[in-house]
K.L.:
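Pasting a structure below so you can have a look.
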Amino acid sequence: MDEKYFPENIEKKWQQHWEQTKAFQAADDDPRPRFYCLEMLPYPSGYLHMGHVRNYAIGDALAWYKRLQGFNVLHPIGWDSFGQPAEQAAIKRGVNPRDWTEENIVLMRGQYKRLGISYDWSREIAAHRPEYYKWDQWFFLKMFERGLAYKKKSPVNWCPNERTVLSNEQSSGGVCWRCGASVEKRDLEQWFLRITDYAEQLVEDMKQIEDSWPEKVLKRQRDWVGRSEGAYIDFAVKDSDKKIRVFTTRIDTIFGATAVVLSAEHPLIDELLEESALKNEVMAFAAKVKSEKAARGREDEEEKEGINIGVLAVNPFSGESIPIWVANYVLIEYGTGAVMSVPAHDERDFEFAQKYSLPIRRVIERISHNQESIAHDATHEDQSTAMPHAFTDYGILVNSGNWSGKLSQDALVEMANYAGEHGFGQAAITYRIRDWGISRQRFWGAPVPIIYCDKCGVVPVPEKDLPVRLPDHAEFTGSGESPLAGVADFVNTTCPTCGGTAKRETDTMDTFVDSSWYFFRYCDPRNDSAPFDPELAKRWTPIDQYIGGDSHAVMHLIYTRFWTKFMRDIGLVSFDEPVKKLLTQGMVTNRVEGTDEWKAMSKSLGNGVDPDEMIAAFGADAARLFTLFAAPVENELRWSETGIEGAVRFLRRVYTMVWRWHERLSNSASAPPGEESSAGARALRRKTHQTIAKVTSDFEGLHLNTIVAALMELLNELGDLNADPGTASEGDVFAVREALESLVLMLAPFSPHVAEEIWENLGHAGGLLSSGRWPQADTELARREELEIPIQVNGKLRSRVLASTEVTEEELRTAALNDEKVRAFIEGHEVVKVIVVPQRLVNVVVR
RNA sequence: GCCGGAGUGGCGAAAUUGGUAUACGCACCAGACUCAAAAUCUGGCGAGGUCAAACUCAUGUCGGUUCGAGUCCGACCUCCGGCACCA
């Protein structure tokens with residue numbers, strides 16, 4: 001053991017040791033209970049940033065903790081290695097995306113090893129290798145067989161900057177998830193996966209995880225799926241056999257409908273206009289709305305515009321004829337693309353009605369305890385001038401024929417049933433989520449395994465022909481067309497069905513396909529006859545703890561839930577939810593130079609911190625310790641150079657403490673001595689066992705910052721013992737040994753290298769994992785010998801008394817009342833009562 | 001606009017079921033060691049008040065419940081995040 005703490009030597013030594021002994025390899029046949037700890041799959045950009053470091057430090061702390069507790073821990077790593085940056089490098093610098101990616105993997109693997117993250121490298125996977133993407137294609141075929149993968153032409157999100165299509169999830173908020181550019185709409189033929197078939201389950205199954213996933217992620221998913229209960233209602237077109245179906249969540253307001261409003265893209269418009277005098281105007285209007293929509297990026301809501309098409313519809317409840325309009329505020333994507341307009345009870349309809357002076361008819365009144373006021377309000381036939389804005393609450397129905405007097409809540413159910421019974425509608429549930437568009441006009445992705453044959457049409461590649469391999473070279477023009485389209489050897493093929501000439505699909509799959517199921521592959525990473533063996537998946541999954549940023553709340557985390565449900569439906573797994581517990585860690589920020597702003601580290605802001613530089617300057621152990629100590633894991637973490645120095649200081653103090661004692665410890669018995677121990681030794685043992693209890697319980701909630709604080713307190717207590725190793729009694733030595741060994745075991749999840757080094761120097765050979773085990777708290781030893789009981793007078797702290805742990809309530813009461821300081825406060829007052837909380841405090845209430 | 005989350009020292013943050021507010025660290029101040037500095041060690045560190053103490057005031061604001069509120073209830077303010085015509 002060196003006298004001084006040299007992190008560089010220690011870290012190299014133990015990283016080699018772990019590698020040579022394959023310390024972190026998880027065995028499939030290990031009989032101990034498993035724990036699957038996973039951090040989100042990284043993209044191999046070539047360099048780690050501090051956000052990664054934080055992510056892996058958290059995961060590794062948990063993995064170590066569980067290992068020391070005796071679990072068989074699976075902690076794997078791999079590469080989300082398809083995707084945009086490699087392709088950009090190819091376009092801009094002419095490099096081969098495969099070479100570029102492989103080089104980056106080598107660089108990053110080195111960084112992980114220098115950080116000392118305890119991965120099972122034998123299970124490493126990479127999405128861009130044919131052994132992996134073969135199974136992306138296999139899953140695609142399984143979905144295609146079941147009608148869950150389909151192709152259609154539709155307006156899709158187009159990123160003008162990256163020249164490719166994005167899914168709805170990737171263009172949430174109208175901007176590209178990667179580059180932030182405003183997305184446009186384009187009509188393209190695209191492959192979709194029917195995630196909408198699973199919409200109900202995606203909401204319903206949240207019940208299984210609602211206590212173990214962050215509420216903000218669940219909320220965003222709930223909003224994204226956008227389940228809404230309501231009813232379809234058919235409005236007959238007057239003097240025609242056509243019908244317009246609308247969706248409403250407020251069927252109780254239907255007597256207030258003063259128009260039916262269609263989206264400009266509604267398919268029925270053409271038919272309705274066949275004989276209309278207004279045909280040209282309406283068509284011109286619809287075209288204008290469409291072009292505005294296509295051009296619209298993130299801009300604010302447009303002013304509502306519409307046009308009356310001069311055809312009437314019949315309200316099936318009231319029999320009333322009302323005009324049909326086309327307007328820009330009705331979305332074709334949602335519901336039926338048509339709505340009933342109820343200005344009195346919907347803000348948007350209200351605004352629209354005001355602009356075009358449509359009637360506003362009130363049919364819901366606020367429920368008042370004063371029945372007369374309802375009756376009074378209800379007598380006002382036309383209240384348009386009386387309503388400053390729409391009344392959107394539930395209430396009581398008025399001016400609604402036989403339904404008047406009903407409560408909204410009841411009417412919603414009864415009116416939908418009535419519509420069903422009379423054949424003009426039904427109760428219905430709609431969802432906001434759309435199918436997942438997975439086609440990408442890219443080279444660097446898994447090719448969609450489809451062949452187009454002039455004779456046979458769309459033909460799936462037979463399973464035996466998988467993988468459809470990417471060619472080695474392609475021309476990267478950045479034109480927006482898939483580079484694969486220019487590779488004749490790839491495109492031209494023969495039809496698997498008829499053997500005739502045929503062409504391959506040239507789009508590749510969204511990289512989120514790769515990451516939707518990768519953690520199952522870790523269970524069986526070299527399987528070449530199936531994506532994974534279901535038995536091995538059963539052995540390891542679902543993931544016990546998943547850790548990553550919340551930026552994937554409605555991308556990766558919703559896709560992977562969908563994928564898992566599909567895998568369940570084809571018999572590969574037997575559960576509904578892939579992730580038992582989810583932690584979304586906070587961002588790592590740094591001050592932007594010359595400002596007071598803290599922002600996520602980035603190259604463009606110049607506030608990035610290079611993990612390798614931190615390791616070189618302070619050591620991986622200190623860097624990791626600081627990121628876990630400085631803030632709760634889910635909070636923003638503000639980077640601080642002086643903070644990391646504090647972490648080094650702590651590790652050095654631990655090291656020095658061991659240096660002081662290790663010789664004496666190696667010459668002393670490790671059993672507790674029979675002799676009476678000193679007060680200092682008893683205090684140290686008490687602190688040791690209190691710390692073990694606190695650390696163990698804090699680990700369960702991943703309160704890592706307070707664990708580090710507790711370890712620091714324990715070290716401070718060790719310093720307070722103030723015993724000389726040369727002359728200390730056997731009792732003191734035993735207390736020191738117990739404290740140090742416990743401290744080291746509990747430090748291992750945070751700073752494993754120095755923990756290993758110390759463990760060895762405390763006389764344990766073979767490394768922490770083989771001989772170590774998590775320390776056990778002894779509640780007897782943790783108990784205080786004497787209590788300091790605060791005494792309050794009227795709720796204000798006035799004094800403290802010392803008492804034994806066995807003190808009775810009556811004794812405490814007497815001690816409080818006789819306390820000198822307390823007496824000064826109660827003199828001249830009447831003691832009304834004395835509240836004694838056993839073991840905690842006394843409050844004397846005086847008047 | 002709607003929906004979430006959060007407001008505690010100079011800073012990051014602690015605080016079982018309501019029960020000693022500010023643990024731990026950073027920064028800062030003083031002392032020891034040193035020719036000196038760094039490192040290290042020791043002590044101090046919410047505000048006011050005092051030689052020192054007593055004491056008073058402090059967990060965004062105002063009110064409420066309670067013997068007792070950072071914690072529970074109500075109203076409001078501010079900040080951050082998400083969604084944004086979803087019928």
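Heavy atoms only: backbone and side chains are in, while hydrogens, waters and symmetry mates are out. Numbers restart at 1 for each chain; the letters A, B, ... are given by sequence-line order, proteins then strands.
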K.L.:
Suppose we screen for salt bridge (Lys or Arg N to Asp or Glu O under 4.0 Å). Which residues come up paired with R227(A), at least two apart in sequence or across chains?
P.N.:
E200(A), E229(A)

K.L.:
Sorted by first residue and then second, give each side chain to side chain donor-acceptor pair (under 3.5 Å) pair with at least one member in residues 257-267 of chain A; sequence neighbours left out.
P.N.:
E265(A)-K293(A)

K.L.:
The side chain of V845(A) lies closest to which of these nucleotides: C24(B), C67(B), A87(B)?
P.N.:
C67(B)

K.L.:
Rounding to an integer number of angstrom, what distance separates C26(B) and G44(B) when you compare their P atoms?
P.N.:
15 Å

K.L.:
Report, as a single string ordered 5' to 3', how protein heavy atoms within less than 4.0 Å touch nucleotides 42-50 of chain B: B base, S sugar-phosphate only, - not at all.
P.N.:
---------

K.L.:
Side-chain N or O of R652(A) versus OP1/OP2 of U40(B): is the shortest distance under 4.0 Å?
P.N.:
yes

K.L.:
So, is R840(A) close to the G18(B) phosphate, meaning a side-chain N or O under 4.0 Å from OP1 or OP2?
P.N.:
no

K.L.:
Residues of residues 640-647 of chain A with any non-hydrogen atom less than 4.0 angstrom from an atom of RNA chain B: list those, numerically ordered, please.
P.N.:
T642(A), G646(A)

K.L.:
Test the K304(A)-Y329(A) pair against the cation-pi criterion, namely NZ or CZ under 6.0 angstrom from the six-membered ring centroid and within 45° of the ring axis.
P.N.:
yes

K.L.:
Strictly under 6.0 Å, is that where the ring centroids of F629(A) and F750(A) end up?
P.N.:
no

K.L.:
Which atom pairs link the protein and nucleotides 11-15 of chain B when you take only N or O atoms and keep those under 3.5 Å?
P.N.:
residue, atom, partner, partner atom, Å
G12(B), O2', A630(A), O, 2.3
A13(B), OP1, N635(A), ND2, 3.1
A13(B), O3', N705(A), ND2, 3.4
A14(B), OP1, N705(A), ND2, 3.0

K.L.:
Using a cut-off of strictly less than 4.0 Å, decide whether S228(A) has a side-chain nitrogen or oxygen near OP1 or OP2 of A87(B).
P.N.:
yes

K.L.:
Can you tell which of A21(B), A84(B), C67(B) lies closest to the side chain of R432(A)?
P.N.:
A84(B)

K.L.:
Please determine if R591(A) forms a cation-pi arrangement with W639(A), meaning its NZ or CZ atom is less than 6.0 Å from the six-membered ring centre and no more than 45° off the ring axis.
P.N.:
no

K.L.:
Can you tell me how far P in G18(B) sits from the matching atom in G12(B), rounded to whole Å?
P.N.:
28 Å

K.L.:
Residues two or more places apart in sequence or in another chain: which of them pass side chain to side chain donor-acceptor pair (under 3.5 Å) with E641(A)?
P.N.:
none

K.L.:
How long is the line joining NE2 of H703(A) and P of C24(B), in whole Å?
P.N.:
19 Å

K.L.:
Given the ring of Y5(A), does R652(A) sit roughly above its face, with NZ or CZ under 6.0 Å from the centre of the six-membered ring and within 45° of the axis?
P.N.:
no

K.L.:
Applying side chain to side chain contact (heavy atoms under 4.5 Å, CB included), name anything that partners A631(A), two or more places apart in sequence or on another chain.
P.N.:
R54(A), N635(A), L637(A)

K.L.:
Does a side-chain N or O from K833(A) land closer than 4.0 Å to OP1 or OP2 of G68(B), or not?
P.N.:
no

K.L.:
Holding to side chain to side chain contact (heavy atoms under 4.5 Å, CB included), I want the full list of residues that pass it with T196(A), two or more places apart in sequence or in another chain.
P.N.:
R194(A), I433(A), D435(A)

K.L.:
What dot-bracket string describes RNA chain B from 5' to 3', counting Watson-Crick and G-U wobble pairs whose defining distances are under 3.5 Å, with [ ] for crossing pairs and | for pairs to another strand?
P.N.:
(((((((..(((......[....))).(((((.......))))).(((......)))..(((((..]....))))))))))))....

K.L.:
So, using side chain to side chain contact (heavy atoms under 4.5 Å, CB included) as the criterion, who are the partners of S318(A) when residues are at least two apart?
P.N.:
F255(A), N315(A), E320(A)

K.L.:
By side chain to side chain contact (heavy atoms under 4.5 Å, CB included), which residues pair with V633(A), not counting sequence neighbours?
P.N.:
I58(A), L583(A), L704(A)

K.L.:
Which nucleotides of nucleotides 3-8 of chain B have their base under 4.0 Å from a protein heavy atom (B), which only their sugar-phosphate (S), and which neither (-), written as one string 5' to 3'?
P.N.:
BS----

